[in-house]
Amino acid sequence: MSLPTKYNPSQSESKWYQYWMDHKMFHAEPDPEKEPFSIVIPPPNVTGVLHMGHMLNNTIQDVLIRKARMEGKNACWVPGTDHASIATEAKVVAMLKEKGIDKESLGREKFLEHAWQWKEKYGGIILEQLKKLGASCDWERTRFTMDKDLSDAVISVFVDLHQKGKIYRAIRMVNWDPKGKTALSDDEVIFKEVRSKLYHIKYQIEGTEEFLTIATTRPETIMADVAICIHPDDERYTHLKGKKARIPLINKPIPIIEDDYVDMEFGTGCLKITPAHDINDYEIGMRHRLEVIDILNDDGTLNDKAQILIGEDRFIARKKIVKLLKGAGQLDREEDYGSNVGHSERTDAVIEPRLSLQWFLKMEDLAQPALKAVMDDTIQLFPPKFKNMYRSWMENVRDWCISRQLWWGHRIPAYYLPNGEYVVAKNKEDALAVANEKFKTSFSLDDLQQDEDVLDTWFSSWLWPISVFDPGYFQTGKKNRDLQYFYPTNDLVTAPEILFFWVARMIIAGYEYTGEKPFKNVYLTGIVRDKLGRKMSKSLGNSPDPLKLIEIYGADGVRTGMLFSSPAGNDLPFDEKLVEQGRNFCNKIWNAFRLIDGWETQASHEKDNEAAINWFENRFQQALEEIEDHFKKFRISDALMAIYKLIWDDFCSWYLEMIKPAFQQPIDQGTKNKTVDFFENLLKLLHPFMPFISEELWQQLGERKDGDAIMLAAWPQLKPYDEKIIMETQQVFEVVSHIRNIRATKGISPKESFQLTINTNNQNLYRSCEGMLRKLANIDALNFKGEVQNSVNFVVKSDEFFIPLEEKIDLDLEKENLEKEIEYTQGFLASVTKKLGNERFVNHAPKEVVEKEKRKMNDAQAKLSILMDNLKKLV
RNA sequence: AGGUCGUUAGCUCAGUUGGUUCAGAGCGCUGCCUUGACAGGGCAGAGGUCACCAGUUCGAGCCUGGUACGACCUACCA
């Protein structure tokens with residue numbers, strides 16, 4: 001036997017991944033004979049590189065898909081990438097900027113060329129990295145949200161929804177990203193606690209020497225003020241009603257109005273109204289029919305409407321205004337103030353509320369079937385606690401701003417006409433035809449101007465579960481074979497952060513376009529955090545490089561490490577220790593293999609091992625039942641832990657130790673065959689979690705033909721098992737533990753064997769397990785009769801055991817231990833007896849519970865009498 | 001500010017319909033063990049008033065109300 005004592009992952013990994021690929025084992029085609037099972041990958045951004053979150057997410061998907069495949073289902077896991085419009089565009093802009101190229105001067109066409117080059121260069125990296133993890137994706141089906149046919153699907157859907165009257169164009173206050181120069185959806189805005197200042201500014205009341213003080217965090221917007229607002233009931237300001245105040249610096253008179261929106265307690269109780277730059281002010285402005293003065297450009301600099309500081313950035317302008325106000329004596333004071341300020345998720349720029357013309361999708365009606373499907377568990381969320389969140393969002397859903405002022409993405413198929421109208425159509429030619437028909441004129445193609453904006457990136461990914469199988473469906477309305485067969489998909493594995501961004505919208509699109517749910521189960525993973533509980537991120541530098549981890553610990557080690565501690569919906573506090581544990585598990589399995597594989601066999605039949613074999617057969621079934629239950633409930637970590645313990649404890653620590661022949665001795669053929677069978681079955685259970693080592697060992701364990709693989713082997717079948725055998729063997733294990741314990745406390749070497757005397761009415765059990773006791777407890781003979789002098793005794797259930805110890809016995813200590821045990825048992829007995837003596841308990845509690853208590857009482861009484869006897873003998 | 005969820009061993013978490021076989025697991029820790037598949041190993045062991053306070057009940061980790069702390073979601077006040 002010349003195998004190394006450590007498993008070498010890197011060799012197996014590349015070898016078996018290639019083997020699976022060569023035999024097209026990941027590929028699935030519709031097959032009416034087989035039950036379909038499909039998962040679509042949450043498409044990672046083309047800009048992305050693999051991070052720990054992807055590792056967790058994709059490992060879970062791989063576990064689910066591999067198990068389904070072994071269960072004989074037609075498993076199809078569709079991979080792909082997302083164009084991620086703003087995220088990618090931001091990166092390309094940054095890359096160009098480094099080269100000294102400006103996006104605007106480059107122009108749309110040229111810029112897109114660069115973006116596509118970027119996509120070609122980096123877009124595939126992340127998928128390649130997934131292969132290292134062992135992901136069994138059907139790579140032939142790899143999709144990209146901007147593939148031609150997927151793009152056509154997006155455009156078709158836009159046209160369709162527009163025709164249905166669900167898409168409209170409107171001027172609204174939107175979240176404006178001055179850095180990305182685009183509107184953002186509410187979901188793309190992150191609020192951060194920012195320390196700022198509250199500036200108290202004095203406005204002069206027109207025609208008087210009196211001043212009125214307002215508090216604002218944004219002094220740079222005073223030039224856009226159109227009114228001062230007070231509370232109608234505020235007596236402090238009653239005398240100002242109907243008067244005007246002058247904006248400092250530009251000296252412009254604005255009316256003082258009343259509105260009960262104002263909080264009299266806050267600040268000075270006076271509010272400046274700046275409709276162009278604040279959502280609430282905008283609403284007040286609408287109520288009072290005030291003018292809207294927008295003093296900002298799209299990049300956040302001041303425009304000429306500001307009258308002063310034109311061209312200055314808003315934050316620089318703020319500082320300068322403060323200085324100017326001070327100089328004018330109109331800054332009353334400034335105080336420190338903490339507030340939540342919205343930031344762009346992608347560019348981190350401070351969001352500017354801004355009025356602009358955007359495209360919207362009406363959500364209220366669309367959301368109804370999607371809300372219902374989750375509430376009635378047609379689609380199940382794991383863990384279900386997310387149902388509440390989902391509901392509150394769907395019930396308060398707001399119209400979705402789907403336009404983005406970007407270039408990278410699906411360009412909005414709206415075409416503007418010289419007459420000021422517009423038409424929506426799949427392409428320019430169609431648009432022309434529609435326009436000419438509608439307006440009874442004859443425009444030419446050159447008259448049509450396509451909308452400059454692109455669609456929100458989620459407007460393509462919400463179609464993903466449909467479009468990856470059949471992008472043409474959105475145009476033809478006819479499902480192709482793939483869509484008919486693989487849709488609805490089975491499981492979706494994703495992060496709760498995008499439950500609304502993506503999951504909810506996929507459900508909406510699913511019902512709107514197929515009338516069906518897009519998936520049955522949604523498994524929500526947590527966030528991978530570091531030991532300090534911080535989210536792992538590039539900027540913090542606290543995220544290990546996943547590929548390096550794989551290199552060091554092996555893909556299987558990393559996969560199991562991540563799964564050891566990640567119940568659904570819970571964050572994963574990542575610790576490299578976990579991955580180390582995963583690697584150690586690999587080595588444990590590897591060494592079990594070395595042991596089994598190294599045994600020479602002989603024909604003789606070893607009866608001693610029958611009990612062990614019988615026990616493990618039953619124990620395996622019991623564990624399998626437990627594992628299946630965990631899977632059913634999407635308790636992936638628990639399923640893994642159950643397998644871990646089955647292999648490490650039950651198989652290695654108990655079973656192998658029981659049947660293991662003495663050093664360099666042969667084993668009987670029958671036992672070896674059984675053991676190899678067991679090991680193969682364990683490897684099968686392991687395979688979804690640890691695909692590489694399980695394949696490696698399975699291939700080595702028997703004669704395999706080319707094209708055989710554990711990944712296609714049949715998942716073990718659940719069979720009935722005998723609980724009694726497991727319980728009784730457990731009892732024998734307890735005896736073994738007692739003996740080991742006595743050895744440990746009395747300082748008896750495990751090498752020193754002795755006879756065990758047993759007082760029992762179940763001799764058969766111990767006779768059949770004699771082999772176990774010999775090997776595990778180093779017993780050289782069992783006696784069933786007779787008194788033992790100078791012995792240490794213990795009791796398991798109602799059986800009594802004696803170990804002869806001669807001079808090693810400390811009588812006082814024995815007595816003390818015995819008394820302790822008696823005391824405990826008496827206490828236990830007393831509580832049970834008391835309970836059974838309580839009439840209300842006996843009358844109220846269910847029969848089984850009372851029966852159980854009675855049994856406990858009887859057991860305790862039996863045990864107690866044995867213990868008392870022993871005590872007498874000692875004294 | 002409102003909502004949802006959580007608080008169980010040093011750490012990370014199980015504990016499904018209330019019933020001392022329910023107070024658990026993994027890791028960590030302590031002691032002992034090294035020619036024997038594996039020291040990245042084996043065996044044995046210690047560790048918890050189940051956040052706190054009331055209540056319901058014959059009986060509460062589990063149910064009810066409240067308090068404290070934490071996480072997330074939604075909204076956001078100048």
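Predicted, not measured: the structure shown is a model, and the values here were computed from it. In the text below, chain A, chain B and the rest are named by the order of the sequence lines, each starting its count at 1.
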Quiz item: Base, sugar-phosphate alone, or nothing: which one does A:F593 contact when heavy atoms must sit under 4.0 Å apart?
Solution: nothing
Quiz item: A:S392 near the nucleic acid: base, sugar-phosphate alone, or nothing, with a heavy-atom cut-off under 4.0 Å?
Solution: nothing
Is a side-chain donor-acceptor pair under 3.5 Å present for [Y] with [X]?
X	Y	result
A:Y553	A:E576	yes
A:Q730	A:E734	no
A:N609	A:T671	yes

What integer distance in Å separates [X]:[atom1] from [N]:[atom2]?
X	N	atom1	atom2	result
A:D332	B:A78	CG	C1'	16 Å
A:W654	B:C43	CH2	P	8 Å
A:R594	B:G36	CZ	P	10 Å
A:E625	B:U16	CD	P	18 Å

Which protein N or O atoms sit under 3.5 Å from an N or O of nucleotides 4-7 of chain B?
from : atom 1 : to     : atom 2 : distance (Å)
B:U4 : O3'    : A:N388 : ND2    : 3.2

Practice problem: Identify the nucleotide, in any strand shown, that forms a Watson-Crick or G-U wobble pair with B:G6, with both distances under 3.5 Å; if there is none, say none. | Solution: B:C69
Exercise. Assign B:G47 to syn or anti; the rule is syn for a glycosidic angle within 90° of 0 and anti otherwise.
Key: syn
Quiz item: Do the ring centers of A:F678 and A:F651 come within less than 6.0 Å of each other?
Solution: no
Quiz item: Expressed in whole Å, how much space separates the P atoms belonging to B:G19 and B:G10?
Solution: 25 Å
Quiz item: Is the A:F564 ring parallel, tilted or perpendicular to the A:Y644 ring (thresholds 30°, 60°)?
Solution: perpendicular
Exercise. Anything under 30° is parallel, anything over 60° is perpendicular, the rest tilted; go ahead and classify A:F689 against A:F631.
Key: tilted
